[in-house]
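Since the structure comes first, as structure tokens, the remarks are kept for the end.
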Amino acid sequence: VQFLQIILGHTAQHIFVTHLVACNDLVASGRDRKPNALVQVAVIDPHKQHLVSHACTEIVEANKDPLFLTGVTFPSEYPASPETLVKLSVYDAKDKTQESSSFLGSATFSVGDLLRAKDERLTLSLRWFGVLLLFFTLFSPSLCLSLAVFKNPVCKVYRFQTVDSKWMLVREQMEECTLSFSIPKQLLALYIQEDMSRVQDLKELGDLSPHWDNLRKEVMTRYAGIISSYQETLAEMDKINGCSFKPSCCKAQKSLEFIPINLHTQRMRVTCPKKTDAFYDIITVGAPAAHFQGFKGGGLHRLLSRYEAEKKSFSTAYQCIYYSPEHTAKAQEVLSIMSLLQPLITRLVDQLLQAAHEHSSPGLRDALKHLSDKTEQFVHTLKDELVKSALLALHAAQPGYVSKNQKSTPAQSQHQGHTNQTNDQNQNPIQGLPGHSPPTSVTETTVVCNNVEGTPTTAGGEPLSLKHQDTIPHHKEYDEEEWDRLWANVAKCLNCVIAMVDKLQEEDNTKQDPVPEHQLADVITSHNPGDWREQLCPLVTRLKDCVMEVVEKAKRAMTFVLLQEAACSIPQGFLLQQRRDIVFSQALAALACGFVMRLYAGMQDKGFLRQLHLVGLVAQFESLLSTYSEEFGMLEDMEVGISDLQRVMFKITEAKSDDLSDLQPLVCGRRDHFTVEVPLPKLVFHTLPEEIKEGKLLRVFPVLFNVGINEQQTIAERFGDISLQERINQKNFETLEAYYKSLSEKVPLECLPCFQTQTDIKELLETLGQNVVAKKKKNVEILWTAGTICRRLNGIRFTSCKSAKDRTSMSVTLEQCALLRDEHQLSKDFFVRALDCMRREGCRIENVQKNIKCRKYAFNMLQLMAFPKCYRPPEGTYGKVDS
């Protein structure tokens, strides 16, 4: 049975014509055998009067009445009208490569013939031998939101038999995604903005001793190099128009290194008699990795581990303070929270004053509640001990700083700069603070510190050397309690505002004379009972001033912490940051694509939307990379990139208009936290739950499972190391298990989708856990079980290999046929045929064609002998190609 699908016109309401073609009484070119039939389809444009070869079916071997399973679809470049002619030519193939075949006959019909046919049936005689029977149906799908971000669809249609001898209609659709380029371009702009801001913060640290100033200059030079490189890359990407995917042959191209490889969406829609249509989505993408930089030294996981181990020695060599990764992350978190809370507090203060001006008690209470919450959060953030110790460190880094508590032997020589002009024997005055290298044994003599050209002095001020003595100013002792007083002042100012608001509301409620001023003498210096705004204004102004003063000091302190991190990182840390930026960009583009696809599909599912805002979604990445040679490094990159997606939140917003340009997702934030905003049309947005409409941030839980299946994995299992794969699978199994526990506590399991297979999710998790720890070679059951759990949990499914082209195609087609078998009773006699049809004529072979301009998977016979049998393509579809 052959399906043919034709799109009529380019209107929003396309008419789809679905055909079944059956051939009867075919005669082979050799009378002593039955034909190996296939049908080629061509379109005759009535206006241009030329024939365009379009598609063909699979080969049905040794059958005079062949039943074709593969369908044919027409993309937008072949618009059909009632006058359009379609020519079906039947051939007898001598071999499966279709390179040698004999013509058996042909038939021609118009789309108008189909529309006029009775009983949706059309019978045509072949011009040589046999009969063509066409059965067709018409349906008109509605316009979909997906037009905003998905484009260039490739469609394939099949008809497969079920166990009860009925027929199911299966439609594959593969599309490119505009986010392949738009997300990386937005990220690059944010990286540039963040690094330029970091440079400006370093400039605003003020005067530093020559040692720290030299370090600052070198760090700023490094940042300038990254900024320049990213600006060049962004300029190159801006020159590319109309492209929405990066082919695998460009994976090592520098100008495209931030773009994910071969990112596509694929949806399988299944229509069964008397049943509701079902669809299954998957996103395919090449492993997020820094292909241009290469993998000689390994991937991110190994490089970062080695870097952290060596950073302490870097800090000694550069006379920097060593901060642990936790302290560095905390400094970035404090900066991020301050950048969010300070403008928010300012806006809330303005709202409070506006409510006071309007004499609105409810408005006053509302604004005060939010102001109190955000100010308390602000104070809590700044009470961290790291801020206090960093302020002391910054004070000690200023020119000529003298510490009364510094201990050093007179024999010790002055500090040297990172240029190694002198030998460094001194310990830094801030060593010994939390997160810093421990101090060495020293004596009671006070010295001038952190000045390369400076000279140590005794506690009495007498110089140990007269050289440069007059150039060193004497600083007063640092007041360690000053910081505590500063953030405490913010809390006191808030209490003053609360007290005044309480008083104003009490006056409003009682309608009595103002409370005597002496009752608020500790917080209010003057009182005018007439104007609420006038009475609140001095207090909130003082609050804003205190917040600003605290922000300025804390910002400089945290910037100084990050200066130490950057100085210790030269040059390796900056190269690692670039590599991490590249890998994260590819991973985020894929995740955003998957989130949008899943959101669009679940817009009418109240259970899904409830799960989305109460818990979040699991994003399950399936990887087929080996743990040998270059792919080992790719997997190390991918592991870090997928893990970094935990820093991403999603937010659904109301679009400015229904134009497709206004429906493009937007990225905001900085490296430690990004938010992807997904706009929806007004009518759609207002159908969402209130929590989502109010802007609640939505979480995604990324998990990665890897099982290598190729010949390199065979080498790794016999002679190499597979501990990376084992560790990744175990770690992510625990994450998936924790997600299910959280989901089952917050969301009724009735909200989850229903499947024909009755296996409980708990049982599936137990099976997955057993497979993860089992010492079984190429245990692909890990991937199958993890994928099943993901779909049962309403999750987002991803599949990857090196380029998402060959091994990925085998995995996707196998998963689709397994779903047809398990959920739609695909007949076991049709399973292998269905699998071969999808691999030979389906969307995945079209993906190969798009990437390398050749319809062959990049496998050879020796490689395939190492593959699990179910991952091997049909004969004639593979060969040696440049991928």
Side-chain angles (χ1 to χ4, degrees), residues 58 69-70 156-164 166-174 265-272 275 277-284 620-624 705-707 709 752-761 763-765 767-768 771 776 778-801 804 806-845 847 857 867-874 877:
E58 82 279 13
L69 303 181
T70 310
K156 299 289 180 177
V157 184
Y158 316 91
R159 184 176 174 87
F160 301 133
Q161 199 170 50
T162 62
V163 291
D164 55 359
K166 294 181 180 178
W167 293 94
M168 71 173 85
L169 173 65
V170 179
R171 182 172 184 261
E172 276 187 315
Q173 180 160 314
M174 180 181 71
T265 65
Q266 187 157 325
R267 169 170 291 177
M268 180 179 71
R269 181 178 290 274
V270 185
T271 303
C272 293
K275 290 185 180 180
D277 284 9
F279 59 85
Y280 306 93
D281 294 338
I282 194 165
I283 295 87
T284 59
Q620 186 249 327
F621 289 80
E622 171 186 307
S623 168
L624 300 160
F705 291 92
N706 184 87
V707 176
I709 62 171
L752 298 178
C754 296
F755 284 82
Q756 292 295 319
T757 50
Q758 298 299 314
T759 309
D760 185 72
I761 298 179
E763 292 180 36
L764 289 171
L765 281 167
T767 302
L768 178 60
N771 278 306
K776 181 180 177 182
K778 296 182 181 176
N779 190 2
V780 289
E781 289 185 27
I782 292 175
L783 304 181
W784 301 345
T785 309
T788 300
I789 293 171
C790 174
R791 294 193 185 280
R792 296 283 292 270
L793 293 177
N794 264 329
I796 312 169
R797 276 280 293 114
F798 300 83
T799 296
S800 297
C801 61
D806 304 305
R807 281 169 284 178
T808 294
S809 294
M810 300 302 103
S811 175
V812 169
T813 50
L814 177 62
E815 182 174 1
Q816 289 184 163
C817 287
L819 285 166
L820 294 177
R821 177 195 63 203
D822 299 337
E823 300 299 325
H824 301 281
Q825 290 78 52
L826 173 68
S827 171
K828 63 179 181 179
D829 297 330
F830 276 77
F831 184 87
V832 174
R833 284 191 64 187
L835 193 58
D836 284 355
C837 280
M838 288 183 177
R839 289 173 175 175
R840 189 185 296 277
E841 302 295 342
C843 288
R844 299 316 303 179
I845 199 70
N847 182 271
Y857 300 109
F867 277 46
K869 288 184 179 180
C870 52
Y871 286 89
R872 299 174 187 174
T877 63

Tell me the closest heavy-atom pair linking [X] and [Y], and the distance in Å.
{"X": "T799", "Y": "I282", "value": "OG1-CD1, 3.2 Å"}
{"X": "F160", "Y": "M838", "value": "CE1-CE, 4.0 Å"}
{"X": "V157", "Y": "R171", "value": "CG2-CG, 4.2 Å"}
{"X": "R839", "Y": "P874", "value": "CB-CD, 3.7 Å"}
{"X": "L826", "Y": "V163", "value": "O-CG1, 4.0 Å"}
{"X": "A278", "Y": "H824", "value": "CB-CE1, 3.8 Å"}

* **Residues which pass side-chain contact (heavy atoms from CB on, under 4.5 Å) with S809, listed by chain and number, not counting sequence neighbours** =>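 S809 satisfies side-chain contact (heavy atoms from CB on, under 4.5 Å) with R844, Y857 only.
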* Does T788 have any side-chain contact (heavy atoms from CB on, under 4.5 Å) partners at least two apart in sequence or in another chain, and if so, which? -> L764, R792
* **Qualifying residues under salt bridge (Lys or Arg N to Asp or Glu O under 4.0 Å), relative to R833, sequence neighbours excluded** =>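 Expected list: E58.
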* **side chain to side chain contact (heavy atoms under 4.5 Å, CB included) evaluation trace for V170 with M268** => CA-CA 7 Å; V170 179; M268 180 179 71; 3.7 Å; yes
Do [X] side-chain atoms and [Y] backbone N/O form a donor-acceptor pair below 3.5 Å?
{"X": "R807", "Y": "C801", "answer": "no"}
{"X": "T785", "Y": "I782", "answer": "no"}
{"X": "R791", "Y": "D281", "answer": "yes"}

What's the spacing between [X] [atom1] and [Y] [atom2] if we round to 0.5 Å?
{"X": "T813", "Y": "I845", "atom1": "OG1", "atom2": "CD1", "result": "10.0 Å"}
{"X": "L835", "Y": "R840", "atom1": "CG", "atom2": "CZ", "result": "11.0 Å"}
{"X": "T808", "Y": "Y871", "atom1": "OG1", "atom2": "OH", "result": "10.5 Å"}
{"X": "Q173", "Y": "Q266", "atom1": "CD", "atom2": "CD", "result": "10.0 Å"}
{"X": "L819", "Y": "L814", "atom1": "CG", "atom2": "CG", "result": "9.5 Å"}
{"X": "N779", "Y": "W784", "atom1": "CG", "atom2": "CH2", "result": "9.0 Å"}

* To do: Kindly indicate, with the supporting measurements, whether the criterion side chain to side chain contact (heavy atoms under 4.5 Å, CB included) is fulfilled by F705 and C790.
  => CA-CA 12 Å; F705 291 92; C790 174; over 6 Å; no
* Asked: Quick one: does NZ or CZ of R872 land under 6.0 Å from the six-membered ring centre of F867, within 45 degrees of the ring axis?
  -> no
* To do: Determine, step by step, whether S811 and L783 satisfy the side chain to side chain contact (heavy atoms under 4.5 Å, CB included) criterion, reporting the C-alpha distance in whole Å, the side-chain angles of both residues, the deciding distance to 0.1 Å, and the verdict.
  => CA-CA 9 Å; S811 175; L783 304 181; 5.8 Å; no
* Can you find a pair of side-chain heavy atoms, one from R821 and one from K828, that are under 4.5 Å apart? -> no
* To do: Classify the angle between the aromatic ring planes of Y280 and F755 as parallel (below 30°), tilted (30 to 60°) or perpendicular (above 60°).
  =>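 Tilted.
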* **Audit row: I761, L752, side chain to side chain contact (heavy atoms under 4.5 Å, CB included) steps and yes/no** => CA-CA 11 Å; I761 298 179; L752 298 178; 3.8 Å; yes
* Y158-E172 side chain donor-acceptor pair, cut-off 3.5 Å ->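 E172 and Y158 do have a side-chain donor-acceptor pair below 3.5 Å.
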